[in-house]
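In what follows, a structure is listed as structure tokens, so that the remarks can point back to it.
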Amino acid sequence: MPEPLTALQCRIMGVLIEKSLTTPEQYPLSANALAAGSSQKSNRDPLMEVDENAALDTVGRLRKLELVELANLSTGRVNRWKHRARDAWNVERPQLAILAELLLRGPQTLGELRTRAARMYPFESMEVVQATLEPLMHLPDPLVATHPPAPGGRAGRFRHTFYDQRELAALDAALRAIPAAAPATPEGSASFAELQQALAALQARVETIERRIEQMQH
């Protein structure tokens with residue numbers, strides 16, 4: 001397994017990967033942009049309140065792990081940072097999109113990953129998501145592992161492997177404490193498909209609004 005990362009290190013890596021794929025015109029990111037992205041209310045679980053100092057300290061630690069580097073920019077006085085995930089983990093854009101989602105929101109089903117990662121990479125089907133996950137689970141140091149279904153659920157989930165044992169135990173305990181959900185609508189039904197499409201459309205609108213706000217702030 002790869003070296004464990006703290007929750008904030010995972011969030012910062014997820015933000016860097018996400019923004020490099022969704023808003024390349026604003027990437028690399030300053031410490032202020034990293035703090036804002038880490039504290040974002042959408043596409044994040046759990047929610048965090050991260051200030052600029054914490055973001056700056058975290059990218060410094062990630063730099064020592066060779067997962068982040070300082071960007072060499074010819075203009076501007078503010079330091080900006082970019083991830084080295086593609087080289088460090090030897091992955092391509094589809095795998096980066098999946099890893100970003102797992103780093104930003106924790107364990108997820110195939111359907112959740114396909115819908116939520118659409119803003120970073122358009123997966124054509126659940127089978128394509130599965131095929132993207134497989135190599136990540138069979139590396140010498142796997143980056144993705146399977147995770148038990150949520151209480152009352154049947155769909156298996158996937159998680160990144162940067163948790164330490166204490167965090168994994170806490171995650172499992174929190175999931176067991178969730179009351180069993182009512183039976184879900186089968187994924188093959190029309191209503192489930194419509195719900196996924198509506199959710200994807202809503203997330204796309206939120207991303208567009210956030211990009212416009214970020215552009216106004218720069």
Side-chain angles (χ1 to χ4, degrees), residues 1-22 43-46 58 61-62 65-68 82-176 178 181 184 186-188 192-193 196 199-200 203:
M1 295 297 176
E3 183 172 345
L5 300 177
T6 68
L8 184 51
Q9 287 171 342
C10 287
R11 178 61 56 89
I12 291 290
M13 284 299 296
V15 169
L16 282 168
I17 297 170
E18 175 194 51
K19 301 305 182 184
S20 72
L21 298 177
T22 60
N43 303 318
R44 306 289 186 266
D45 187 17
T58 301
R61 295 176 185 274
L62 288 168
L65 296 174
E66 299 184 344
L67 293 175
V68 163
K82 59 183 181 179
H83 68 82
R84 298 190 65 253
R86 189 184 295 268
D87 294 329
W89 298 335
N90 192 27
V91 294
E92 299 299 329
R93 181 167 181 147
Q95 288 83 16
L96 280 176
I98 292 293
L99 288 168
E101 279 303 321
L102 296 177
L103 289 165
L104 291 171
R105 291 205 257 201
Q108 297 170 64
T109 66
L110 284 177
E112 289 169 338
L113 286 171
R114 182 191 177 196
T115 299
R116 294 168 175 175
R119 68 190 192 281
M120 291 182 280
Y121 185 85
F123 292 97
E124 297 178 357
S125 65
M126 305 273 267
E127 290 74 20
V128 173
V129 179
Q130 181 71 56
T132 304
L133 284 163
E134 288 294 336
L136 298 174
M137 294 190 290
H138 295 96
L139 293 169
D141 288 320
L143 297 173
V144 172
T146 56
H147 201 79
R154 292 180 296 176
R157 293 182 300 167
F158 301 86
R159 62 169 176 82
H160 65 73
T161 58
F162 297 103
Y163 296 103
D164 62 26
Q165 291 302 312
R166 180 180 56 82
E167 289 174 323
L168 270 181
L171 179 63
D172 289 339
L175 291 173
R176 286 195 298 269
I178 300 174
E187 294 193 7
F192 185 87
Q196 281 196 319
L199 179 59
Q203 289 175 331

- Is the shortest side-chain N to carboxylate O distance from Glu101 to Arg119 below 4.0 Å? yes
- Count the heavy atoms of every other residue, nucleotide or ligand shown that sit under 6.0 Å from CZ of Arg84, and state whether that count exceeds 12. yes
- Task: Examine distances only and state if a side-chain atom of Glu124 and a backbone atom of Pro122 form a donor-acceptor pair shorter than 3.5 Å.
- Result: no
- For Met13 and Val68 the tightest heavy-atom approach is SD-CG2, 3.8 Å
- Atom OH in Tyr163, atom CG in Leu171: separation rounded to 0.5 Å? 5.0 Å
- Answer yes or no: is there a donor N or O on one side and an acceptor on the other, between the side chain of Glu134 and the main chain of Ala131, under 3.5 Å? no
- Residue pair Arg105 / Asn43, side-chain donor-acceptor N/O under 3.5 Å: yes
- How about Leu104 and Val15: do any of their side-chain heavy atoms sit closer than 4.5 Å? yes
- For Ala97 and Met120 the tightest heavy-atom approach is O-CE, 3.5 Å
- Task: Output the distance between atom CD1 (Ile12) and atom CG (Leu67), rounded to the nearest 0.5 Å.
- Result: 12.5 Å
- Query: Measuring from Trp89:CH2 to Leu96:CG, what's the distance to the nearest 0.5 Å?
  - Reply: 8.0 Å
- Note on the structure: Taken to the nearest 0.5 Å, the spacing of Phe162 CZ from Leu168 CG works out to 12.5 Å
- Message: Given 3.5 Å as the limit, does a donor-acceptor pair link the side chain of Arg11 with the main chain of Pro46, or not?
- Response: yes
- Check side chain to side chain contact (heavy atoms under 4.5 Å, CB included) between Glu127 and all other residues, then give those that pass, not counting sequence neighbours. Ser125
- Side chain to side chain, Lys82 and Ser20, heavy atoms closer than 4.5 Å: no
- Scanning both residues in full, the closest heavy-atom pair of Ile17 with Ala100 reads CG2-CB, 3.7 Å
- Item | Arg157 versus Thr109, closest heavy-atom pair with distance | CG-CG2, 3.4 Å
- Candidate pair Glu18 and Arg44, rule salt bridge (Lys or Arg N to Asp or Glu O under 4.0 Å), full reasoning: CA-CA 11 Å; Glu18 175 194 51; Arg44 306 289 186 266; 2.7 Å; yes
- With rounding to the nearest 0.5 Å, note down the distance linking CG in Leu113 to CD1 in Ile98. 4.5 Å
- When every non-hydrogen atom of His160 is compared with those of Cys10, the smallest separation belongs to CE1-SG, 3.8 Å
- Task: Would you confirm whether Thr161, through its side chain, and Pro142, through its main-chain N or O, come within 3.5 Å as a donor-acceptor pair?
- Result: yes
- Stepwise side chain to side chain donor-acceptor pair (under 3.5 Å) check, Gln9 with Arg61: CA-CA 8 Å; Gln9 287 171 342; Arg61 295 176 185 274; over 6 Å; no
- Look up atom OG1 in Thr132 and atom CZ in Arg114, then write down how far apart they are to the nearest 0.5 Å. 11.5 Å
- Message: Less than 4.5 Å apart, side chain to side chain, heavy atoms only: is that true for Thr6 and Asp164?
- Response: no
- Assess whether atom CG of Asp87 is packed by more than 12 heavy atoms of other residues, nucleotides or ligands within 6.0 Å. yes
- Note on the structure: Closest heavy-atom pair, Phe158 versus Leu102, reported as atoms and distance to 0.1 Å, is O-CD2, 3.4 Å
- Task: Decide yes or no for Asn90 and Leu139: does some side-chain heavy atom of the first lie under 4.5 Å from some side-chain heavy atom of the second?
- Result: no
- Task: Could you check Leu133 against Leu110 for side-chain contact (heavy atoms from CB on, under 4.5 Å), going step by step and ending with a plain yes or no?
- Result: CA-CA 9 Å; Leu133 284 163; Leu110 284 177; 3.5 Å; yes
